[in-house]
Amino acid sequence: MLNIVGIVLAAGLGKRMKSRLYKVLHPVGGKPMVEHVTGVLAEAGVERSVVIVGHGAEAVRSTLGSRVDYALQEQQLGTGHAVRMAEPLLMDLEGIAVVVCGDTPLITANTIREMLELHCRSQAAATLLTARFVNPTGFGRIVRGADGRIQRIVEEKDCNDIERAIEEINAGTYCFDSKKLFGALAKVTNENAQGEFYLTDVIRLLREDGHTIEGYCTADPAEAFGVNDRVALAEAERLMRERINRAHMVNGVTLIDPSATYIESDVTIGPDTVVYPGTVLRGKTAIGSDCVIGPNADIADSTVSDGAAVRQSVLTQASVGDNSTVGPFAYLRPGAKLGKDVRVGDFVEIKNAELDDGTKVSHLAYVGDAKVGKDVNLGCGVITVNYDGFDKHQTVIEDGAFIGSNANLIAPVTIGEGAYVVAGSTITKDVPAGDLAIARERQTNKTGYAGKLKARLKASKDRKLEE
Ligand code: UD1
Ligand code: CA
């Protein structure tokens with residue numbers, strides 16, 4: 001069994017981002033760039049990774065946790081220097097070191113696997129990922145010899161005119177024979193335009209020692225895309241979005257307009273679901289099959305089950321059962337749990353409340369800190385009055401109850417099974433099962449009084465005009 005260890009370079013400040021957030025922690029597709037990279041290494045079968053941290057070391061550690069090992073690079077003296085920081089941890093490694101930059105979020109596990117295969121097959125000392133760019137500005141250029149083999153990498157700032165015109169670039173992803181890597185790194189100097197210890201110099205040194213260098217040229221230039229500023233960040237976001245959306249469409253999801261659909265990388269969607277434009281699906285959201293989502297749905301860390309519809313609504317840490325409908329203009333906050341065939345209509349807010357199968361709350365209502373049974377009808381304007389200024393209290397509404405429009409249910413309160421609350425009531429006491437509760441002022445009709453009132457009002461207006 002071959003030993004393969006990942007080394008992820010994540011110590012740089014990322015000056016060009018002009019941000020308080022360290023570069024590799026900027027999210028792409030809703031996930032920090034460095035987390036994409038460590039995830040891809042794990043997916044490619046690399047069981048152990050060492051992340052080189054420096055600027056923002058604590059923030060990077062708290063993002064990635066104990067999934068990876070860390071080596072500290074106190075001063076950022078260049079990518080070669082950064083890799084050397086892993087040497088004490090990998091001294092005994094007889095095997096392959098896969099080095100990836102933390103700012104290349106679009107690298108894929110498949111490419112790493114294919115690079116590893118080529119690396120082993122050709123018994124190379126180093127195999128590097130290259131790409132062809134029409135405009136290769138900012139990247140190191142790949143210099144090949146007359147035999148077509150890679151000789152060295154020249155950083156853009158060290159290029160002469162001929163080298164600058166080379167379109168094949170270094171993607172910053174490499175497989176190295178670990179022993180040979182650290183052997184060559186010891187010889188790297190900082191005599192170059194940037195005064196840095198370049199990892200890329202290792203290629204020339206290995207080649208001079210007669211070792212084999214392989215290049216794996218990717219057909220998808222996105223894999224080589226490095227983020228150094230916010231313009232590139234937006235471009236990476238676009239490339240990631242295209243990739244994610246394509247994968248969902250290939251899996252049987254209809255996206256009416258993929259260019260206006262924003263789905264983060266960990267979201268799952270079942271087949272035959274239709275997603276309308278303006279929709280944002282975030283975090284750990286899981287959408288079932290045969291759903292209709294959007295337009296303009298913003299759903300984070302929520303579950304939407306098969307056959308459900310969510311239109312023009314905002315959901316956070318909520319769950320929606322089979323064949324339920326939400327919206328337009330509903331707000332489901334954390335702990336909103338809808339069963340099957342539930343209907344939540346316009347201008348309804350639900351927080352920390354369970355609504356069991358078949359329950360309807362069709363318009364203009366607030367349901368917070370509540371447990372609502374099956375087949376309950378909550379009329380227009382119903383409010384669970386859950387907060388007394390100090391504490392939150394629970395409302396329980398049992399199966400089959402009917403709550404009339406504009407009722408206030410002052411919690412803690414329980415409405416029993418099949419009970420009926422009359423419209424406009426303010427309920428302060430429990431309603432037993434099967435009872436009808438009415439809690440409002442009785443109406444009085446004054447015969448003919450409307451005409452008298454109008455006449456009096458008109459007379460008073462006429463008097464004012466005369467004055
Ligand atoms: C590097 C490569 C270049 C390649 C490009 C691909 C070198 C010398 N150049 O250039 O050939 O085309 O990536 O994107 O390697 N880092 C550290 N410690 C340091 C310096 C950098 O951890 O002392 C980290 C950064 O956080 C970053 C990564 O290494 O994640 C790459 O550094 P960066 O400065 O962005 O290198 P490039 O100039 O892009
Ligand atoms: Ca870079």
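No hydrogens, no waters, no symmetry mates; every other heavy atom, side chains included, goes into these values. For ligands, and for the atoms within them, numbers begin at 1 and follow the listed sequence.
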| field | Arg238/Glu242 salt bridge by N-O under 4.0 Å criterion | value | yes

| said: Taking distance alone, with N or O pairs closer than 3.5 Å, would you say Ala224 contacts ligand 1? | reply: no

| Heavy atom of Ile52, distance to ligand 1 below 4.0 Å | no

| query | Does a donor on one side chain sit under 3.5 Å from an acceptor on the other, for Glu196 and His81? | reply | no

| message | Is there a polar contact, in the sense of an N or O pair closer than 3.5 Å, between Gln75 and ligand 1? | response | no

| task | Please say whether Thr200 places an N or O atom under 3.5 Å from an N or O atom belonging to ligand 1. | result | no

| task | Using only N, O or S atoms, tell me which atom of Asp103 is closest to the Ca ion (ligand 2). | result | OD2

| said: Judged on heavy-atom distance to atom 10 (O) of ligand 1, which of Glu155, Glu196, Glu156 sits nearest? | reply: Glu155

| field | Sub-3.5 Å N/O-N/O distance, Gln73 and ligand 1 | value | yes

| request: Tell me whether the guanidinium CZ or amine NZ of Arg61 lies under 6.0 angstrom from the six-membered ring centre of Tyr70 and within 45° of its axis. | output: yes

| request: May I ask which of Gln194, Gln76, Arg16, Lys15 has a heavy atom nearer to atom 34 (O) of ligand 1 than the others do? | output: Arg16

| query | Taking N or O atoms only and a 3.5 Å limit, does Leu9 qualify as a polar contact for ligand 1? | reply | yes

| query | Thinking salt bridges, do Arg149 and Glu214 make one under a 4.0 Å N-O criterion? | reply | yes

| task | Check whether any protein heavy atom sits under 4.0 Å from atom 15 (O) of ligand 1. | result | yes

| message | Below 4.0 Å from ligand 1: does a non-hydrogen atom of Ile169 turn up there or not? | response | no

| query | Taking distance alone, with no angle check, do Thr79 and ligand 1 share an N/O pair under 3.5 Å? | reply | yes

| query | Any protein heavy atom sitting closer than 4.0 Å to atom 1 (C) of ligand 1? | reply | no

| said: Taking the basic N atoms (NZ, or NE/NH1/NH2) and the acidic carboxylate oxygens, is any pair closer than 4.0 Å for Glu208 and Lys187? | reply: no

| query | Taking distance alone, with no angle check, do Gly138 and ligand 1 share an N/O pair under 3.5 Å? | reply | no

| Does atom 36 (O) of ligand 1 have a protein heavy-atom neighbour under 4.0 Å away? | no

| said: Using every non-hydrogen atom in the two residues, find where Met115 and Cys175 come nearest and quote the distance to one decimal. | reply: CB-SG, 3.9 Å

| request: Decide, yes or no, whether a salt bridge links Arg243 with Asp220 under the criterion of side-chain N to carboxylate O below 4.0 Å. | output: yes

